[in-house]
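Sequence lines set the chain letters: A, B, ... in the order given, protein chains first and strands last, and positions in each chain run from 1.
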There are 2 protein chains.
Amino acid sequence: MTVISHQSIRQALLGRIQSGEWALGSRIPGETDLATEYGCARTTVNRALQALADEGLVVRKRKGGTRVCQTPVRQAKFEIPILREQVETAGSNYSHRLVCNKLKRPPPPVRSRLHIPAGGKAAHMQTIHYADSSPFAYEERWVNTQAVPEILTTPLGEISVNEWLVKMVPFSSGDVVFSAVSADEKIADALEIEVGAAIFVIDRTTWLDDAFITTMTLYYKEGYKLYSQL
Amino acid sequence: MTVISHQSIRQALLGRIQSGEWALGSRIPGETDLATEYGCARTTVNRALQALADEGLVVRKRKGGTRVCQTPVRQAKFEIPILREQVETAGSNYSHRLVCNKLKRPPPPVRSRLHIPAGGKAAHMQTIHYADSSPFAYEERWVNTQAVPEILTTPLGEISVNEWLVKMVPFSSGDVVFSAVSADEKIADALEIEVGAAIFVIDRTTWLDDAFITTMTLYYKEGYKLYSQL
DNA sequence: TAGTGGTCTAGACCACTCA
DNA sequence: GAGTGGTCTAGACCACTAT
């Protein structure tokens with residue numbers, strides 16, 4: 001007896017799509033028909049189809065039926081790297097050094113991103129992250145002290161800003177921007193590399209509900225690569 | 001009367017996690033209890049919890065119960081950019097130019113990635129993608145002609161390799177690597193920029209089932225940024 | 001307006017895994 | 001061994017939308 005599960009049905013449907021039995025953009029049978037065909041409850045077919053829809057392989061519309069997606073949306077996922085883990089899984093010792101920690105007026109682009117009123121201040125930190133004793137990444141961060149006043153009284157020598165924020169503000173959302181820049185003197189200094197080296201940059205802004213928490217720019221040592229999967 | 005749905009329950013549970021009512025790592029009530037509490041079927045609670053598990057906010061184990069995730073996995077998703085769409089949504093005209101299209105022996109790293117036997121050949125293409133009349137990205141690609149022999153008889157002047165592959169090999173998987181490099185002479189030439197500029201690079205290998213299809217390196221014009229969300 | 005997916009229920013059995 | 005999540009079923013009603 002064949003096992004009938006939503007996973008096996010998903011697989012079967014996927015096969016019929018990949019084989020071309022159901023062409024791109026064409027309408028596939030309704031849930032009821034498929035349930036009869038596979039000898040299972042409609043709910044089970046529904047789950048399988050929902051999974052395919054989540055993956056962007058089919059589009060479903062009430063009354064319109066289910067169609068194979070014209071241009072399969074290719075989504076890649078990746079985990080936001082946590083520096084300490086990144087370094088330690090590579091077999092090195094992680095450490096960090098807080099270079100600067102001042103309360104001052106952020107430049108306009110930062111101010112608007114954190115929704116800080118004109119003339120307001122924010123905490124500015126610069127941190128160098130080390131793998132063993134060589135610089136691995138350089139972090140420049142602004143924290144909205146109105147949203148996270150506790151940051152002012154935390155001894156940031158012991159725990160990195162990075163980790164503190166993850167611990168204290170665990171469930172937040174945000175956006176991420178990747179880019180490449182040439183190392184200017186400040187970055188080159190911090191990472192102990194030459195000016196002009198191509199640097200991989202992650203720019204990240206984080207907020208909790210409507211409160212803007214922090215914006216950070218992370219400059220990785222040259223040669224860094226970020227892996228992901230389709 | 002309150003609407004009871006798996007979405008509303010998901011939201012309610014999320015709130016209890018975010019508010020700290022359920023601490024990080026702590027065990028939360030079982031499905032049956034929550035079903036009683038919210039006055040719905042266990043199935044409904046199950047769906048809500050599965051959603052939270054998919055998002056990486058809770059971890060579920062049989063007999064072990066459901067626990068709030070210690071280190072909320074921060075996953076970012078992004079859509080793999082399709083060059084034509086990228087350019088056209090920016091309001092520019094897309095075009096491309098196939099600079100090179102030869103069958104030759106790939107260098108060892110490419111050979112091993114595509115699983116091509118020693119001494120075997122593969123199709124090598126170089127394409128420049130334009131936004132209006134200025135270069136936008138430079139693409140270097142190797143295609144495994146054993147897996148996709150049709151590529152040899154396709155007029156690649158009309159349709160870009162990029163699009164052809166998406167159309168012909170729609171349902172494949174792959175991996176993606178992001179990095180930054182300094183433009184060498186070849187890249188600088190193609191993108192009409194200066195040698196040494198910091199270039200954002202996407203490296204992508206694609207396969208269908210067990211057949212390795214293609215590996216591609218895409219060099220974006222300096223200043224390019226890739227946006228994503230948490 | 002009729003057809004299709006979206007979702008809830010109540011009950012059942014199974015599979016895993018912790019103690 | 002027992003408790004918890006994983007999943008299937010059969011039936012029902014609802015919501016959207018293409019025609």
Side-chain angles (χ1 to χ4, degrees), chain A residues 1-17 21-73, chain B residues 1-17 21-73:
Chain A
M1 174 71 189
T2 312
V3 181
I4 298 166
S5 67
H6 64 102
Q7 293 216 19
S8 63
I9 291 182
R10 192 200 82 96
Q11 204 58 39
L13 299 174
L14 184 59
R16 293 170 79 165
I17 292 173
E21 178 182 337
W22 293 329
L24 275 77
S26 67
R27 184 167 167 175
I28 74 181
E31 296 187 347
T32 322
D33 295 339
L34 289 170
T36 310
E37 182 182 337
Y38 287 105
C40 66
R42 180 169 81 92
T43 317
T44 307
V45 172
N46 183 297
R47 273 224 236 174
L49 283 170
Q50 292 237 352
L52 291 175
D54 285 345
E55 297 165 45
L57 289 168
V58 299
V59 179
R60 321 193 70 199
K61 275 185 197 163
R62 285 159 154 135
K63 168 75 179 177
T66 301
R67 290 178 177 280
V68 180
C69 210
Q70 287 276 2
T71 59
V73 177
Chain B
M1 172 74 189
T2 313
V3 180
I4 299 167
S5 66
H6 62 103
Q7 293 215 21
S8 64
I9 291 182
R10 191 201 83 97
Q11 203 57 39
L13 299 175
L14 184 60
R16 293 170 80 165
I17 292 173
E21 177 180 338
W22 292 328
L24 275 76
S26 68
R27 183 166 169 177
I28 75 181
E31 296 187 348
T32 321
D33 294 339
L34 289 170
T36 311
E37 181 181 338
Y38 287 107
C40 66
R42 182 169 78 94
T43 318
T44 307
V45 172
N46 182 295
R47 274 223 236 174
L49 284 170
Q50 292 237 354
L52 291 174
D54 285 344
E55 296 165 45
L57 289 169
V58 300
V59 179
R60 320 194 71 199
K61 275 187 198 163
R62 284 161 156 134
K63 169 72 179 176
T66 301
R67 290 177 176 281
V68 180
C69 212
Q70 286 277 4
T71 61
V73 176

Would you indicate whether the side-chain heavy atoms of Thr66(A) and Leu52(A) approach each other to under 4.5 Å? no
So SG of Cys40(B) and CZ of Arg47(B): to nearest 0.5 Å the spacing works out to 11.0 Å
Would you give the length of the straight line joining atom CG of Leu14(A) to atom CD of Gln7(A), rounded to the nearest 0.5 angstrom? 12.0 Å
Separation of dT7(C) C1' from Ile9(B) CD1 (nearest whole Å): 12 Å
Sub-4.5 Å side-chain heavy-atom contact between Trp22(B) and Leu13(B): yes
When every non-hydrogen atom of Ser5(A) is compared with those of Thr44(A), the smallest separation belongs to C-CG2, 4.0 Å
For DNA chain D, determine which residues of residues 43-54 of chain B have any heavy atom closer than 4.0 angstrom to one of its atoms, and list them numerically. Asn46(B), Gln50(B)
Working to the nearest 0.5 angstrom, can you tell me the gap between His6(B) NE2 and Leu49(B) CG? 12.5 Å
Judged by each residue's nearest nucleotide on DNA chain D, which is more toward the 5′ side, Ala41(A) or Gly65(B)? Gly65(B)
Using a strict heavy-atom distance below 4.0 Å, which residues from residues 30-39 of chain B are in contact with DNA chain C? none
Return yes if some donor-acceptor pair links the side-chain N/O of Arg67(B) with the main-chain N/O of Gly25(B) below 3.5 Å, else return no. yes
Write down the distance between CD (Gln7(B)) and P (dA15(D)), rounded to a whole number of angstrom. 14 Å
Can you pull every protein N or O that's under 3.5 Å from an N or O on nucleotides 12-19 of chain C?
from	atom 1	to	atom 2	distance (Å)
dA12(C)	N6	Arg42(B)	NH2	3.0
dA15(C)	N3	Arg62(B)	NE	3.3

Reported CG-to-CD1 distance for the pair Leu34(A) and Ile28(A), which is rounded to 0.5 angstrom: 6.0 Å
Select base, sugar-phosphate, or nothing to describe what Arg67(A) touches, counting heavy atoms under 4.0 Å on all strands. nothing
Flag the pair Arg16(A) and Glu37(A) as a salt bridge only when some basic side-chain nitrogen lies within less than 4.0 angstrom of an acidic carboxylate oxygen. yes
Any heavy-atom pair between the side chains of Glu31(B) and Arg60(B) that's under 4.5 Å? yes
